[in-house]
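Please read the structure below before turning to the comments.
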Amino acid sequence: MSSAPLPSRPRVAVTTSADRYDQLAGPLDVAGCQPVELACIEVHAADQTVTEEVRAAGAAADLVVLTSQRPVAVVWPDGMDGLSVLAVGEATAKAARAAGATIIGVGTGGGLELATLLVSTIVDKRVVYPHAGGTAQAMQTLLERSAAHVTAYEVYRVAPVAPGGDPVDAVMFASPSAVHGWVSARPFTGLVVTAIGGTTSAALREHGITPDTVPDRPGFLGLVAATVSKLREKETSP
């Protein structure tokens with residue numbers, strides 16, 4: 001990301017849940033933007049009975065597969081010491097590592113690259129897969145093809161919520177749920193619209209919006225960089 005400040009401080013809507021606001025607000029501020037907290041999702045964790053079951057299963061398994069950093073805080077708030085983790089995404093790996101887990105693999109790509117990593121890592125292993133409610137079955141199916149045993153748990157759900165009405169120049173989306181929350185209350189007229197990846201882009205297109213830009217690789221820093229680049233382009237265009 002370029003360190004040169006933008007000619008003005010455009011206001012950028014951060015639509016993630018409140019617990020992740022700082023992860024996007026900090027980089028936006030450094031890049032010369034004014035972050036605006038407009039949460040479009042709420043996270044609802046599973047009850048304690050479920051989280052205790054997941055912790056017990058994780059302790060007995062060979063491997064925990066994490067496709068999001070949220071299960072770390074929901075299921076293992078006291079740490080993941082002694083657990084081996086295969087993480088999808090650098091942010092997920094960072095959260096698990098900080099909690100004390102041993103990271104045995106990090107999937108940073110999609111499609112065939114991720115599938116190859118998973119298959120080579122989980123073959124004949126006992127796997128625990130904590131995930132979000134409503135998650136597509138593709139990941140679980142992929143795990144079940146190679147692992148000796150897979151136990152999947154829904155450990156949280158993400159619900160869309162309507163954002164506030166603060167004026168902004170751009171809006172960033174990191175999930176389809178955030179898109180659904182935004183469109184329940186606000187239009188996109190005149191805004192720079194960015195999406196973190198293909199699934200979120202598809203959600204925007206369902207509402208007739210094509211994102212102005214999508215980072216090459218999913219991730220919060222990539223999302224911020226893509227948004228700032230598009231704003232810079234807009235301010236310098238005739």
Side-chain angles (χ1 to χ4, degrees), residues 1 6 8-46 67-74 89 91-92 95 131-136 154-215 217-235:
M1 189 189 312
L6 286 159
S8 64
R9 280 183 63 82
R11 295 169 58 87
V12 180
V14 179
T15 62
T16 56
S17 55
D19 62 316
R20 291 192 175 181
Y21 171 74
D22 289 342
Q23 296 180 41
L24 286 161
L28 280 170
D29 184 60
V30 170
C33 297
Q34 183 176 344
V36 180
E37 187 171 5
L38 291 173
C40 291
I41 57 173
E42 290 179 343
V43 178
H44 303 281
T67 56
S68 165
Q69 57 187 294
R70 290 196 191 279
V72 177
V74 171
T92 302
H131 61 86
T135 302
E154 179 182 308
V155 298
Y156 67 95
R157 280 191 167 270
V158 177
V161 295
D166 307 60
V168 292
D169 303 296
V171 55
M172 305 186 304
F173 293 105
S175 71
S177 296
V179 173
H180 301 323
W182 182 274
V183 300
S184 72
R186 298 188 61 156
F188 293 97
T189 308
L191 300 180
V192 168
V193 180
T194 58
I196 199 167
T199 304
T200 304
S201 296
L204 283 164
R205 292 190 177 94
E206 287 176 10
H207 296 283
I209 301 298
T210 298
D212 292 295
T213 185
V214 179
R217 282 182 176 265
F220 279 1
L221 290 180
L223 180 61
V224 170
T227 303
V228 171
S229 177
K230 184 56 64 173
L231 285 166
R232 197 183 308 278
E233 178 184 316
K234 183 178 180 180
E235 288 201 345

Please enumerate all residues that pass salt bridge (charged side-chain N to carboxylate O under 4.0 Å, His left out) together with E154, with sequence neighbours excluded.
R157

Could you name each residue pair satisfying side-chain hydrogen bond (donor to acceptor under 3.5 Å, both in side chains) that touches residues 193-206, not counting sequence neighbours?
T194-T227

What one should report as the nearest heavy-atom pair of T15 and A174 is OG1-N, 4.4 Å

Ignoring hydrogens, what is the shortest heavy-atom contact between K234 and G190? Give both atom names and the distance.
NZ-O, 3.4 Å

Return the set of residues passing salt bridge (charged side-chain N to carboxylate O under 4.0 Å, His left out) with R70 (not counting sequence neighbours), or none when no residue passes.
D19

So the side-chain hydrogen bond (donor to acceptor under 3.5 Å, both in side chains) pairs with at least one residue in residues 174-193 (sequence neighbours excluded) are H180-H207

If I compare all heavy atoms of L231 with all of P10, which pair ends up nearest, and what's the gap?
CD1-CG, 3.8 Å

Between A91 and Q69, what is the shortest heavy-atom contact and its length?
CB-NE2, 3.6 Å

Partners passing side chain to side chain contact (heavy atoms under 4.5 Å, CB included) against L204 (at least two apart in sequence or in another chain):
F173, V179, F188, V193, A195, I209, P211

Please set out all donor-acceptor pairs under 3.5 angstrom arising from side-chain atoms of residues 21-42, sequence neighbours excluded.
unit_1, atom_1, unit_2, atom_2, d
D29, OD1, R9, NH2, 3.0

